[in-house]
Enquirer: 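One structure, pasted below without further comment.
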Amino acid sequence: MKIKILHLYPDLLNLYGDKGNIECMRMRLEWRGIDAEVVKYTCEDTGFDLSDIDIVFVGGGSDREQKIVCHRLLEHKKELRDYVEAGGALAAVCGGYQLLGKYYKLEDETIEGLDILDIYTEQGKKRLIGNIVLKSEFIDQPIVGFENHGGRTYIGKHMPLGKVLYGYGNDEKSGAEGVIYKNVIATYLHGPLFPKNPELCDYLLSAALKRKYPSFTKLAPLDDELENTANKYITERFKVSE
Amino acid sequence: MRKLLAVWLGKALTIAGKLIGKKSSSSPGEYAMKICPDIVKGLNKHIKKGIIVTCGTNGKTTTNNLLCSALEAKGYKVLCNRLGANMLNGIATTIIQASDIFGRFSADYACLEVDEAYTPIIFDHFKPDVMVITNLFRDQLDRYGEIDITTSIIKRAIAKAPNLKIILNGDDPLCVQFGKEKNVTPYYYGISEKVLPQLDDTKEGRFCPVCGEEQKYRFYHYSQLGDFYCPHCGFKRPKIDFEVKNVVLQPKMKFTINGQPMEINYKGFYNIYNLVAVYGAMTALGESTGDFAALLTGYKPQIGRMQEFDLGKPVILSLSKNPAGFNQAIATVNTDKRLKDVIIAINDKANDGRDVSWLWDVDFDKIADENMNTLTTTGIRVWDISLRFKYAGINPDHMTSSMHEAVERCLGTGSEVVYVLVNYTALYPTEAVLNDFQKKTGRDKQ
């Protein structure tokens with residue numbers, strides 16, 4: 001078996017150690033004897049072909065970098081939408097999450113989004129910064145990470161990725177964080193999201209494998225003692241109880 | 001009168017702090033400013049020749065202290081926040097500690113390291129004559145938001161200081177943009193030849209700060225520093241006023257500044273930037289630099305700048321605060337070909353930056369070269385740094401919450417040298433542990 005991962009614009013969207021997510025997906029496949037190939041599209045690439053891609057990853061960038069990316073990605077809006085609607089796996093964090101929506105309204109301008117999710121973002125007064133813990137319906141392990149965003153994202157009728165147990169989340173008020181839609185995971189938990197959340201990483205890997213290999217049933221277990229300890233350290237430190 | 005009371009309070013707190021073993025580099029100023037908020041205001045009146053402010057992500061403590069040493073070597077009296085307390089309270093503490101009991105003080109120069117985020121506030125209190133900006137790297141993101149925000153903060157500060165001479169790293173596109181601000185006289189320094197292997201590490205300034213398009217490099221040193229140009233708008237590395245060439249890194253660092261030979265006793269390529277920044281600042285102040293190399297002999301590096309302890313075998317302590325700093329420290333460790341034990345401590349207190357995502361932007365895996373004997377991870381975020389290694393295919397030999405235990409174990413291995421790489425709040429506790437071991441080793445020798 002083989003999974004092909006596409007990292008979109010790592011040259012622009014790489015603000016917070018996003019490569020941790022790519023390495024995590026790659027290693028967790030390889031440890032199970034599944035081949036992993038990582039390809040990148042940078043701003044110098046002109047082609048855009050998702051036909052043999054199994055997982056797309058979009059990271060975070062500064063507002064300035066996000067504008068450049070958006071400009072480029074809008075040219076491929078249709079390909080990305082078709083990919084998602086057909087069940088393609090996609091993970092988007094931070095700036096990448098905002099880009100999936102209809103728009104991101106800044107103080108003095110509005111950045112048009114990819115309109116893959118029926119959500120929108122508006123710039124808020126203060127940045128929402130800190131450790132964050134979520135409980136998701138889709139996995140047992142709490143999701144832990146760090147958020148740092150000026151935008152407030154309103155997700156309408158979408159299903160959130162999780163309920164905020166500690167931290168701010170999408171808009172500071174609703175108690176919801178991120179979006180989960182078909183095989184898309186979109187979240188403000190930036191940077192190395194997957195290493196401390198092995199169950200979430202495996203959830204996405206399984207989705208991609210199921211789509212590509214209909215006979216695939218489930219991933220073999222791994223020794224996740226270190227990952228689980230790191231996850232538990234955060235939930236215990238912030239005294240999170242459900 | 002309020003000012004005098006404030007100075008007394010600050011002095012009393014400094015003495016009280018010493019009695020309980022604290023450094024007191026900023027808390028006396030904090031309390032004193034509650035009585036008299038104007039302690040730092042009017043600093044210009046007390047300084048005869050000039051105030052130099054140094055900011056930037058990395059190298060500001062070293063650059064500021066080197067400049068102070070060089071000026072002192074010329075016989076000047078210099079006010080300096082040597083311990084790196086670089087916010088308003090730290091500067092107030094520095095002034096209080098320099099004042100006599102009547103609240104009076106004067107100096108020829110003030111060399112002040114200032115936290116970038118606080119420059120606009122601090123420039124309301126006094127006007128610097130010279131400002132040095134060393135570089136802008138990704139640092140403590142959760143405090144500043146993003147690097148673009150830091151840039152606009154510094155621009156706001158510059159606008160408050162008329163007739164400012166500004167010493168900029170000409171190899172850093174993010175620094176060079178400040179030379180285009182109104183009312184400044186820019187001077188640029190740079191390293192004008194390819195020295196290091198052309199690695200693909202963090203390059204946060206890769207996009208032109210003027211037009212936003214991707215920049216190109218004729219060569220680069222590390223991060224976004226190098227001979228850059230923007231093919232789109234023409235923004236490029238400026239003409240360099242203080243130019244480093246003929247760089248030799250081993251066994252002793254040698255290079256020339258504008259043809260003048262320098263031989264330096266410190267480790268680390270990045271120290272070349274700190275030294276040439278000081279050379280530039282001296283020139284801008286109108287001080288002669290013909291004896292520059294001699295002026296630096298009195299300089300003692302601050303703790304944690306590749307600081308060597310003798311614990312039976314050498315143990316070298318290195319402080320890094322961000323990806324660029326860690327990548328440079330790792331490159332320096334790699335130049336040491338002895339059999340090494342490596343300890344890495346990562347904390348996430350406020351002064352470290354609460355967010356440890358940056359661990360994934362550092363090429364930590366490069367430290368595991370053929371000369372590494374054991375790897376130990378520690379610190380508050382021991383699990384995060386351990387995972388960082390695990391996903392690079394390297395399993396730490398030991399994970400521990402105790403620096404004492406980590407050092408003790410390394411002293412018992414067959415290695416020839418131990419490197420301890422720490423981030424900010426891990427520095428002082430680690431230094432204390434190493435000093436304890438060093439005292440014990442000294443006693444054993446007697």
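In this text, all values refer to a predicted model and were calculated from it rather than measured experimentally. Below, chains carry the letters A, B, ... as their sequence lines are ordered, and counting in each starts from 1.
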Enquirer: Which bit of Ile385(B) is near chain A, if near means a heavy-atom gap under 4.5 Å: side chain, backbone, both or neither?
Expert: neither
Enquirer: Of the backbone (N, CA, C, O) and the side chain (C-beta and beyond), which part of Asn231(A) lies under 4.5 Å from a heavy atom of chain B, both, or neither?
Expert: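 Neither part.
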Enquirer: So which of Gly393(B), Ser357(B), Ser386(B), Ala392(B) has the largest heavy-atom pair count under 4.5 angstrom toward chain A?
Expert: Ser357(B)
Enquirer: Hey, which of Gly191(A), Gly145(A), Gly150(A), Gly20(A) has the most heavy atom pairs under 4.5 Å with chain B?
Expert: Gly20(A)
Enquirer: Verify whether the ring centers belonging to Phe228(B) and Phe235(B) lie closer than 6.0 Å.
Expert: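 Close enough - the centres of the two rings lie under 6.0 Å apart.
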Enquirer: For Ile234(A), is it the side chain, the backbone, both or neither that has a heavy atom under 4.5 Å from a heavy atom of chain B?
Expert: side chain
Enquirer: Determine whether the aromatic ring centres of Tyr97(A) and Tyr188(A) lie less than 6.0 Å apart.
Expert: yes
Enquirer: Select, from Glu227(A), Met27(A), Glu23(A), Lys19(A), the one with the greatest count of heavy-atom pairs under 4.5 Å involving chain B.
Expert: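 With the most close heavy-atom pairs to chain B, the winner is Glu227(A).
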Enquirer: Is the closest side-chain donor-acceptor distance between Thr425(B) and Asp352(B) under 3.5 Å?
Expert: yes
Enquirer: Test the Arg218(B)-Tyr229(B) pair against the cation-pi criterion, namely NZ or CZ under 6.0 angstrom from the six-membered ring centroid and within 45° of the ring axis.
Expert: yes
Enquirer: Heavy-atom cut-off 4.5 Å, strictly under: side chain, backbone, both or neither for His149(A) against chain B?
Expert: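 Neither part.
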Enquirer: Would you name the heavy atoms of Cys230(B) and Cys211(B) that are closest together and state the gap between them?
Expert: SG-SG, 3.6 Å
Enquirer: Parallel under 30°, tilted from 30 to 60°, perpendicular over 60°: which one fits the rings of Phe48(A) and His76(A)?
Expert: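 If you compare the ring of Phe48(A) with that of His76(A), the planes turn out parallel.
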Enquirer: Give the member of Arg26(A), Glu147(A), Arg237(A) that has the highest number of heavy-atom pairs under 4.5 Å with chain B.
Expert: Arg237(A)
